[in-house]
Amino acid sequence: VMEELPDKVRQDFFIETNESGIASYRKLQSAWLAEYRQHKENNSLPAGFVLNMLTELRHHCGMLKVWPACQWVAEYHKQTGKPVVVYTHHRDVLKRVVEGLNPDVLRVAIIEGGVSAQKRQAVIEDFQAGNVDVLVANILSANMGITLTKADTVVFVEREWTPAIEEQAEDRVNRIGQDAETVHAVYLCVSNTIDERFSRIVSQKREVVQGV
């Protein structure tokens, strides 16, 4: 059925955060790097230290993208009137995105790990029926086995290490029943942070997988 599916377009949307936001990121980054150098000098680097450092920096970038993500979604809905799917990784990022969306303008629904199967199915049916403007979802809870073709655009506030997870999440709107000519996957990225490096690494992984 591949010929029946629409083309998919990926786009990195770069965000220039405010001075306090970038300052908080730089402070966190400096603290981690100072501890890293100390461990290297003493030959005492704990297992998993670098992964923990990257994970916390990535999480911090996710928090910095909450308000820009809400602005992007509000503008998208204003211009198109279409529903949209927003993906996050961390629960607190998801919560803040939901809190930042205007309930007087946007009908918002949530899919995350704590949502029961029955509630999850009800949310999906509501979304497909056109009763939801923004579905905010945890990417690991909503990247497989569901159909969200009422939307033709997904927005990623946070990235995943594995391209396949992101592609599965993209394809929730890129399934049989999608009548748009093109679907869009928008990836928010904070300029001059680990976000840019992370984006390049995931893209390189995707190229390797596709090459194989």
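When a residue number appears, it is its place in the shown sequence, counting from 1. All values below come from the heavy atoms of this structure, side chains included, with hydrogens, waters and symmetry mates left out.
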(message) Could you report the tightest heavy-atom contact between A109 and V123, atom names first, then the distance?
(response) CB-CG1, 3.8 Å

(message) Tell me the closest heavy-atom pair linking L64 and S24, and the distance in Å.
(response) CD2-OG, 4.3 Å

(message) With a 3.5 Å distance limit and no angle check, can you tell me whether R172 reaches the backbone of Q168 through a side-chain donor-acceptor pair?
(response) yes

(message) According to a hydrophobic-cluster definition based on side-chain heavy atoms being under 4.5 Å apart (Ile, Leu, Val, Met, Phe, Trp, Tyr only), do I139 and V98 belong together?
(response) no

(request) Give a yes-or-no answer on whether the side chains of E160 and H89 include a donor-acceptor pair shorter than 3.5 Å. (result) yes

(request) Just do the side-chain contact (heavy atoms from CB on, under 4.5 Å) check on E35 and M53 with the steps written out, would you? (result) CA-CA 10 Å; E35 187 177 354; M53 175 177 66; over 6 Å; no

(request) Check the pair V73 / V84 against side-chain contact (heavy atoms from CB on, under 4.5 Å), numbers first and verdict last. (result) CA-CA 8 Å; V73 168; V84 63; 3.9 Å; yes

(request) Examine distances only and state if a side-chain atom of E158 and a backbone atom of G62 form a donor-acceptor pair shorter than 3.5 Å. (result) no

(message) To check you understand the geometry: which heavy-atom pair defines the closest contact between L94 and I110, and what is its length?
(response) CD2-CG2, 3.8 Å

(request) Using a strict cut-off of less than 4.0 Å between a Lys/Arg side-chain nitrogen and an Asp/Glu carboxylate oxygen, indicate whether K82 and D133 qualify as a salt bridge. (result) no

(message) Test your reading of the model: is there a side-chain donor-acceptor pair from Y87 to the backbone of A169, 3.5 Å cut-off?
(response) yes

(message) Check this for me: Q121, atom CD, are more than 12 non-hydrogen atoms of other residues, nucleotides or ligands nearer than 6.0 Å?
(response) yes

(message) Does either side chain, that of N138 or that of H90, offer a donor lying less than 3.5 Å from an acceptor on the other one?
(response) no

(request) Check whether any side-chain heavy atom of N18 lies under 4.5 Å from a side-chain heavy atom of I22, and answer yes or no. (result) no

(message) Tell me if a side-chain donor or acceptor on N131 pairs with a main-chain N or O of F127 at a distance below 3.5 Å.
(response) no

(request) Indicate the atoms forming the closest heavy-atom contact of V93 with H59, along with that distance. (result) CG2-CD2, 4.0 Å

(message) Is there a path of hydrophobic side-chain contacts, each under 4.5 Å between heavy atoms of I/L/V/M/F/W/Y residues, joining V155 to F13?
(response) yes

(message) Do the side chains of R175 and E170 get close enough for a salt bridge, i.e. N-O under 4.0 angstrom?
(response) no

(message) If the threshold is 4.0 Å, N to carboxylate O, is there a salt bridge linking R206 and E166?
(response) yes

(request) Please report the shortest heavy-atom distance between K205 and P163, naming the atom on each side. (result) CB-CG, 3.5 Å

(message) Starting from L188, can I reach L106 by hopping between I/L/V/M/F/W/Y residues whose side chains sit under 4.5 Å apart?
(response) yes

(request) Check each of N174, T182, D171 against K8 using the side chain to side chain donor-acceptor pair (under 3.5 Å) test, and report the only one that passes. (result) D171

(request) Quickly, which of K65, R58, R200, R159 forms a side chain to side chain donor-acceptor pair (under 3.5 Å) with D195? Name it, please. (result) K65

(request) Drop me the distance from N143's CG to T162's OG1, to the nearest 0.5 angstrom. (result) 10.5 Å

(message) Would you compute the distance between atom CD of E125 and atom OG1 of T147 and round it to the nearest 0.5 angstrom?
(response) 11.5 Å

(message) Side chains of Q128 and T149 only: does a donor on one sit below 3.5 Å from an acceptor on the other?
(response) yes

(request) Determine the minimum heavy-atom distance between I194 and L54, stating which atoms define it. (result) CD1-CD2, 3.2 Å

(request) Using modelled atom types only, decide if a donor and an acceptor are shared between the side chain of R10 and the backbone of A185 within a distance under 3.5 Å. (result) no

(message) Would a single hydrophobic cluster contain both I146 and V108, if residues Ile, Leu, Val, Met, Phe, Trp and Tyr are joined by side-chain heavy-atom contacts under 4.5 Å?
(response) no

(request) May I ask you to test the V134-R107 pair for a side-chain heavy-atom distance under 4.5 Å? (result) no

(request) Would you please say whether a donor-acceptor pair under 3.5 Å links the side chains of E112 and S141? (result) no

(request) Evaluate the criterion side-chain contact (heavy atoms from CB on, under 4.5 Å) for residue pair V86 and L135; output intermediate values, then yes/no. (result) CA-CA 6 Å; V86 178; L135 176 59; over 6 Å; no

(message) More than 12 heavy atoms of other residues, nucleotides or ligands under 6.0 Å from CD of Q210: yes or no?
(response) yes

(request) Kindly state whether the ring of W32 and the ring of Y36 have centres lying under 6.0 angstrom apart. (result) no

(request) Start with the C-alpha gap between T193 and L57, add the side-chain angles, then the distance that decides, and say whether side-chain contact (heavy atoms from CB on, under 4.5 Å) holds. (result) CA-CA 9 Å; T193 68; L57 290 173; over 6 Å; no

(message) Nearest 0.5 angstrom please: I165 CD1 to M144 CE, how far?
(response) 9.5 Å

(message) Is a donor from one side chain sitting under 3.5 angstrom from an acceptor on the other, for T153 and Y76?
(response) yes

(request) State plainly whether one hydrophobic cluster holds both F14 and M63, where clusters connect Ile, Leu, Val, Met, Phe, Trp and Tyr through side-chain heavy atoms under 4.5 angstrom apart. (result) no

(message) A side-chain contact here means heavy atoms from C-beta on lying under 4.5 Å apart; do L148 and V173 qualify?
(response) yes

(request) Using distance alone, with no hydrogens and no angle criterion, decide if E75 and Q71 have a side-chain donor and acceptor under 3.5 Å apart. (result) no

(message) So, taking the atom named SG in C61 and the one named OH in Y25, what distance separates them when rounded to the nearest 0.5 Å?
(response) 5.0 Å

(message) Once rounded to the nearest 0.5 Å, what's the spacing between atom SG of C189 and atom CD1 of I15?
(response) 8.0 Å

(message) Is the ring pair F49/H39 parallel, tilted or perpendicular, if the boundaries are 30 and 60 degrees?
(response) perpendicular

(message) I need the F156 CZ to D12 CG distance, nearest 0.5 Å.
(response) 11.5 Å

(message) Quick check on R26: does its CZ atom have over 12 non-hydrogen neighbours (other residues, nucleotides or ligands) under 6.0 Å away?
(response) yes

